[in-house]
Amino acid sequence: MRDIESKPSNFIRHIIDEDLKNNKNGGRVATRFPPEPNGYLHIGHAKSILLNFGLAEDYNGTCNLRFDDTNPHKENIEFVEAIKNDVAWLGCDWGDQVYFSSDYFDALYDFAVQLIKKEKAYICDLNAEEMRAYRGTLTEAGKDSPYRERTVEENLDLFARMKAGEFEDGSKVLRAKIDMASPNINMRDPTLYRIRHGVVHHQTGAAWCLYPMYDFTHCISDALEGITHSVCTLEFEDHRPLYNWFLDTLETENHPQQIEFSRLNLEHTITSKRKLTELVDNGHVEGWDDPRMPTIAGLRRRGCTPAALREFCQRIGVTKSENVVEMAVLEGCIRDDLNKNAPRRMAVLHPLKIVITNYPEDQFEELEAANHPQDESFGMRKLPFGRELYIDQEDFKEVPPKKYKRLIPGGEVRLRNAYVIRCDEVIKDAHDNVIELHCTYDADTHGKNPEGRKVKGVIHWVSAKHAIEAEVRLYDRLFNHPTPDNSKDGKTYIDHLNPQSLLTLTHCYLEPTLIDATPGEQFQFEREGYYSLDPMHQANNKPIYNRTVTLRDTWAKIEKRR
RNA sequence: UGGGGGAUCGUCCAACGGUAGGACUACGGACUCUGACUCCGUCAAUCCAGGUUCGAAUCCUGGUUCCCCAGCCA
């Protein structure tokens, strides 16, 4: 069991502590994570997953992974597999069984029959439009359905024939018989079963033409699995009376407690499955695992780690208040983790060639470099150094701004892990663009400071002859607006898409040790940020690196203020 | 003139009648062969109005404001 003290508490843990003190549920804690397999999981689901599995882990309980698969029209097996993959990647262990609501279709049918026998459910022939009209409004009570008083026998017969496939889609539904005048609209005789012919369910195939609704299915599934604390998001708060009504009316053995918390909102992104689906289906992104997507698959491909996501979910906490978390929190968690765990490499993103004129042609030497400045266990690597190198265009300025401490004409700079060089000559093309620099190096500055002068700047480099060419993809926020799906400016989230969310650099140069990088491996490209080797793709035989997150950049901040 | 929830630094989260605290951000400084990391410091909040109390973010009363609900979606 994990040290509970190490995790910040929250109101749900307070409730469980209290339940445990009162020996409720015999001291048992059982949670579940119940995704619908109609899309990929996003960072908001990560919050829920880590909450539910975290509670189980810390209270020595269990957490079931249960697919809430009652709407075969929208669900498929690809999503089931993707979800399992993501939950496992987060480090959550669902044991040896994956649950499906569809496992309970028989049991659910029997419970429905039981409800009919108790005169608590009836078959209704109203069509969808009529039913809406009968439901009333937020401020007016609804009217009883004309079919509300059918006899038990008739209802039983009709329900059996619905199951047998005698009726068309939409012609009949099974409804609970509760109260059409309830101020809670969920209690106005909610639908329990609808007819769906001709869809193949990914688990049950064509066995059913009758599918149960969420409200009926969820509470019973929880009860059958012996769930003690059924944690869900705030929008289900109004459904709790209905959740309890079913379990009370059916007198199930267990009566789990539904507890609601507020869902995660992240600035500059969206966490609506419906809208994420639209981004994918309409080609606004390359797929569910596009590194700009807030999906778990996208974050993973971007180079985010499970540890960073776990830390993130701890930092944001669990409450019932509406919240919009700043992207800086996520970025901070990723940086903290990768700073500690990503080996350092050098990569030149915007190459500028330099020639060390006093370094012999065709001569090379190997310089040792630490893989991590604070952690010796990362070991050392050898970097080839020669007469021709690439540095970044940003690290040279003909006319330097104030406080600039990189390379300038006639000035000196330290090449990271190598020598101090001086810029002697600037070579330009016909359009006055700097295309090459001629420099000289001080052979006595490897591993030590130069005599009698201070060199402030340190820049990264790669050997031109040995460098690996790569494509590097720089990602920025997917949306310009902090709350794109709720911007209150009359625009939709699509209008707020950031056209510059992806910047592809096709001619970058990496230090040669990166030839051994494995797909998905994370590195810090020194002075640039954290990057990871794209696990899916290559570009014309060149590796693709995705920028996970930049380094904190106080210089950029100063520049921006200027 | 329905029902259900929520309001604490810019952001997120604590404090559960007894000094409003932490994290992130921002700002300043130290260090530095990464303008990174690390370290030090600074700014910064109880929705409003009454009441109870020696004492209120917390309890009471009345407001304000924001979110959710009228699928045969979950």
Side-chain angles (χ1 to χ4, degrees), chain A residues 8-10 14 34-36 38 68-71 73-75 124 126-128 131-132 135-142 169-175 182-188 190-196 211 213-215 217-218 232-241 260 262 267 273-274 314-333 335-336 339-340 344 346 369-370 372-374 403-406 414-418 420 445-449 455-460 486 524-529 550-559:
Chain A
S9 195
N10 57 52
H14 290 320
E36 184 190 10
N38 65 344
D68 213 343
D69 56 347
T70 57
N71 187 2
H73 189 70
K74 291 186 172 175
E75 300 155 6
C124 182
L126 254 28
N127 63 34
M131 210 184 293
R132 194 180 318 126
R135 189 154 35 229
T137 68
L138 293 178
T139 53
E140 299 163 81
D169 284 18
S171 61
K172 286 178 168 42
V173 294
L174 179 72
R175 301 176 71 176
S182 172
N184 181 346
I185 290 186
N186 296 120
M187 302 299 273
R188 319 238 264 229
T191 301
L192 269 40
Y193 271 90
R194 72 284 215 190
I195 301 171
R196 290 285 179 273
Y211 289 96
M213 300 285 288
Y214 164 84
D215 285 303
T217 307
H218 203 89
C232 63
T233 44
L234 247 31
E235 65 270 27
F236 293 101
E237 229 158 357
D238 304 343
H239 295 242
R240 190 174 355 117
E260 311 85 9
S262 55
E267 278 192 353
K273 232 197 235 179
R274 199 204 92 221
Q314 303 235 337
R315 288 190 193 176
I316 60 174
V318 178
T319 65
K320 296 186 72 141
S321 38
E322 289 292 329
N323 60 84
V324 185
V325 176
E326 291 176 342
M327 195 56 94
V329 180
L330 211 213
E331 292 177 346
C333 294
R335 288 193 187 111
D336 281 359
N339 174 51
K340 213 175 287 175
R344 312 291 128 119
M346 291 202 285
H372 196 293
Q374 278 92 33
K403 289 198 171 172
Y404 187 80
K405 60 183 196 189
R406 282 111 95 154
R414 154 83 58 190
L415 292 178
R416 174 84 165 143
N417 298 311
V420 168
T445 54
H446 182 225
K448 58 176 159 178
N449 286 325
V455 176
K456 267 230 143 183
V458 180
I459 65 173
H460 58 282
N486 189 23
Q524 185 196 101
F525 290 172
E526 285 191 296
R527 305 207 318 125
E528 291 288 354
T550 61
L551 252 26
R552 267 188 73 225
D553 192 347
T554 49
W555 174 246
K557 226 179 296 178
I558 294 167
E559 287 268 80

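In what follows, chains are A, B, ... by sequence order, proteins preceding strands, each numbered from 1.
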N/O (side chain, Lys273(A)) to phosphate O (OP1/OP2, rC73(B)) under 4.0 Å: no

Residue Val458(A), side-chain atoms from C-beta onward, closest of rA36(B), rC69(B), rG35(B): rG35(B)

Presence of Arg194(A) side-chain N/O under 4.0 Å of rA74(B) phosphate oxygens OP1/OP2: yes

Candidates rC37(B), rG2(B), rC73(B) - which lies nearest the side chain of Arg552(A): rC37(B)

Base rG3(B) paired with Asp238(A) side chain (donor-acceptor, <3.5 Å): yes

Partner nucleotide of rU65(B) by Watson-Crick or wobble geometry (both distances under 3.5 Å): rG6(B)

Under 4.0 angstrom between His372(A) side-chain N/O and rA36(B) OP1 or OP2: no

Candidate nucleotides rA70(B), rC13(B), rG5(B), ranked by approach to the side chain of Thr319(A) - the nearest: rC13(B)

Phosphate OP1/OP2 of rG35(B) contacted by Arg527(A) side-chain N/O (<4.0 Å): yes

Which nucleotide in rG35(B), rU34(B), rA74(B) has an atom nearest any side-chain atom of Lys405(A): rG35(B)

Aromatic ring pairing Tyr214(A)/His239(A), orientation class (parallel under 30°, perpendicular over 60°, tilted between): perpendicular

Donor-acceptor pair, side chain of Glu75(A) and main chain of Asn71(A), under 3.5 angstrom: yes

Torsion-based syn/anti label for rG28(B), 90° from 0 as limit: anti

Nucleotide forming a Watson-Crick or wobble pair with rA45(B), both distances under 3.5 Å: none

Distance-only donor-acceptor test, His14(A) side-chain atoms vs rC16(B) base atoms, 3.5 Å: yes

Shortest side-chain distance from Arg315(A), nucleotide among rG10(B), rA70(B), rA23(B): rA23(B)

